[in-house]
Chemist: 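One structure follows; several queries about it will come next.
We count residues from 1, following the sequence as given.
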Amino acid sequence: MAYTLLLGLCLLVTIGVCNGVGPDYAVPGVENANNDTATPEGFHAFFSSPMDFFLFMDEVKTVSMSYRLVCDTPTDQVQLSFRSEDPRRFFVLSPTSVHISCENATETSVSIVNTSVTTAPASLPSLMTNLPTQLILSEAVDLQLSATLLGRSDLVISVRRSSLDSDIISENGTMDILTFPFVVNRKMRALDQVVQVIVYLFLIFITLAFGCKLDLKVVKNSIKKPIAVSIGLGCQYIVMPLLGYAIAKIVASDQPSVALGIFLAGTCPGGGASNIYSHLLDGDLSLSITMTLVSTVCALGLLPMWVYTLGQEFLQDDKKKLNVPFFNIFTTLLLLIIPLLVGIGIQYKLPKVKRFILKVVTPVTIVGVIILLSVGIYSNLFIFKLFNPKVILAGCLLPYFGYVIGGLIAIILRQPWVKVKTIAIETGMQNTGVAFIILLYAFPPPDGQLAAVAPAASAVMTPLPLFVVTIIFVIYKKCNPKKYQKVTQRDEKEPEMEINGNITLEALEKARESNV
């Protein structure tokens, strides 16, 4: 049970950590935010630095907005109101409104050259003194903005003027609107880095423990007769990508970034987490590990094929390109293979160390669950705020249909029940971390993180049915201890006559001989 909780928490923390990384800031539209074409006649507002348009979650930032106001008379009054178009992303702390009086305006000469306006104080003794003058008020306002959630939102500035025949600003009078695009991103914190290291250490330790339990004879037979492996590979790289494409088109056709995230989640290789559930549900652990290795290797070729074919349909902007992170896939492969090989070596060369590792797996996992419950989920609660009904629906449909279709195909092809369970788990449980990386580096922040919400939802929803089934299965095993009792060889020098926690015929025969 601890394995199940750890898996879900690791996925959640991985999502949050991935949201803290990405390419350098490059947000289309921000560089033109102070363009004169967006300002009403007689009023111009601008910010001093392009970085003013970038906020970080849970940050209160002060930005300076300068403005230039053309007054008709010294008695003119102007009111500026500030608000966020989407208060969920950020909101204005202070001031929410500013009252401006033109009594301090300066009479300034105006020169029109090449359709651009230049100004100079009217008192300057120069040729410009013969030019027309205007009352100009130039000042600055410091705005305090509080960022709360990853995403984009406009700072909306309402400009109300007093009427020509009155010095009073009326709510029913004319109002001009200015908008400035702001971006809220997530900063990688020291806490996130610590949790990330803990997650990697636990996953490595669990993989090493599986290596201590892996039966190489079964792996060898799976490779010699790769029927089950081929079925699983076909489900992962033919059924799942097509299923992801169909769900993306049906459920999220009006949200291109979400649709792209769903499709990419369906094209990713099977993750190492499937090995944990194969073990918990008494599947074929050796087959599960073999399928994970094979699918990860095949991802180097099959994943780009789907990305550069059907994946291009979800890209509306020709400037945005999807790049397959070959290095990250290769790193994932190494993180799976190296601890596994070390565990196999320990199994055959260090039997005492093997017994110790298998003995401490459960308590170490429980400690990991406590750490991630107290730190990991708390630091990544914002992820759930990004979910919407369509994202949740797509996140459920992709893995759940994967479980069912994978299991049905294995049954139709007459595979034994232990392999049916394994193939179903391997099909529905994808390595969504690869999809996160592709999306993060395909789009500038926070667009990549927002697109990654779809695979994030899939990662969160994927373990739920397996969690329920595992609870039921564990209770059933407790109520039927004789049926699932492990039979091992008494001689410690000989290998245990047990495969993946399942009683073998050879073990039963040796047990009968020992009782004679």
Chemist: Could you label the plane-to-plane angle of the Trp306 and Phe263 rings as parallel, tilted or perpendicular, counting under 30° as parallel and over 60° as perpendicular?
Modeler: perpendicular
Chemist: Show, in sequence, the C-alpha distance, side-chain angles and deciding distance for Met461 and Ile392, and conclude whether the side-chain contact (heavy atoms from CB on, under 4.5 Å) test is met.
Modeler: CA-CA 8 Å; Met461 300 301 169; Ile392 295 174; 3.7 Å; yes
Chemist: Please round to the nearest 0.5 Å and tell me the distance separating atom SG of Cys268 and atom CG of Leu302.
Modeler: 12.5 Å
Chemist: Tell me every residue that passes side chain to side chain donor-acceptor pair (under 3.5 Å) with Asp154, counting only those two or more places apart in sequence or in another chain.
Modeler: none
Chemist: Any chance CZ of Phe356 has more than 12 other-residue heavy atoms, nucleotides or ligands included, within less than 6.0 Å?
Modeler: no
Chemist: Quick one: which of Ile411, Asp284, Ile409 gives a side-chain contact (heavy atoms from CB on, under 4.5 Å) with Val420?
Modeler: Ile411
Chemist: Leu233 versus Tyr237: any side-chain heavy-atom pair under 4.5 Å?
Modeler: yes
Chemist: Distance only, no hydrogens: is a donor on one side chain within 3.5 Å (strictly under) of an acceptor on the other, for Ser84 and Ser153?
Modeler: yes
Chemist: Just so I know, are the side chains of Lys419 and Leu287 near enough to count as touching, which here means a heavy-atom distance under 4.5 Å?
Modeler: yes
Chemist: Which heavy atom of Val184 sits nearest to which heavy atom of Ala147, and what is that distance?
Modeler: CG1-CB, 3.8 Å
Chemist: Atom CG of Leu55 and atom OG1 of Thr148: how far apart are they, to the nearest 0.5 Å?
Modeler: 9.5 Å
Chemist: Applying salt bridge (Lys or Arg N to Asp or Glu O under 4.0 Å), can you list everything that pairs with Lys390, at least two apart in sequence or on another chain?
Modeler: Asp254
Chemist: Can you find a heavy atom in the side chain of Leu93 that is under 4.5 Å from one in the side chain of Val60?
Modeler: yes
Chemist: Of all heavy-atom pairs between Ser458 and Leu398, which one has the smallest distance, and what is that distance?
Modeler: OG-CD2, 4.1 Å
Chemist: What pair of heavy atoms forms the shortest contact from Thr462 to Met429, and how long is it?
Modeler: CG2-CE, 3.7 Å
Chemist: Search all heavy atoms of Thr267 against all heavy atoms of Pro241 and return the closest pair with its distance.
Modeler: CG2-CB, 3.9 Å
Chemist: Under 3.5 Å, is there a donor-acceptor pair between the Thr427 and Gln236 side chains?
Modeler: no
Chemist: Does NZ or CZ of Lys61 lie under 6.0 Å from the centre of the six-membered ring of Phe53, at an angle within 45° of the ring axis?
Modeler: no
Chemist: Check whether any side-chain heavy atom of Phe473 lies under 4.5 Å from a side-chain heavy atom of Asp282, and answer yes or no.
Modeler: yes
Chemist: Under the ring pair (Phe, Tyr, Trp, His ring centres under 6.0 Å) test, which residues partner Tyr400, sequence neighbours left out?
Modeler: none
Chemist: Is there a side-chain contact between Leu466 and Tyr403 in this structure, where contact means two heavy atoms from C-beta onward sitting under 4.5 Å apart?
Modeler: yes
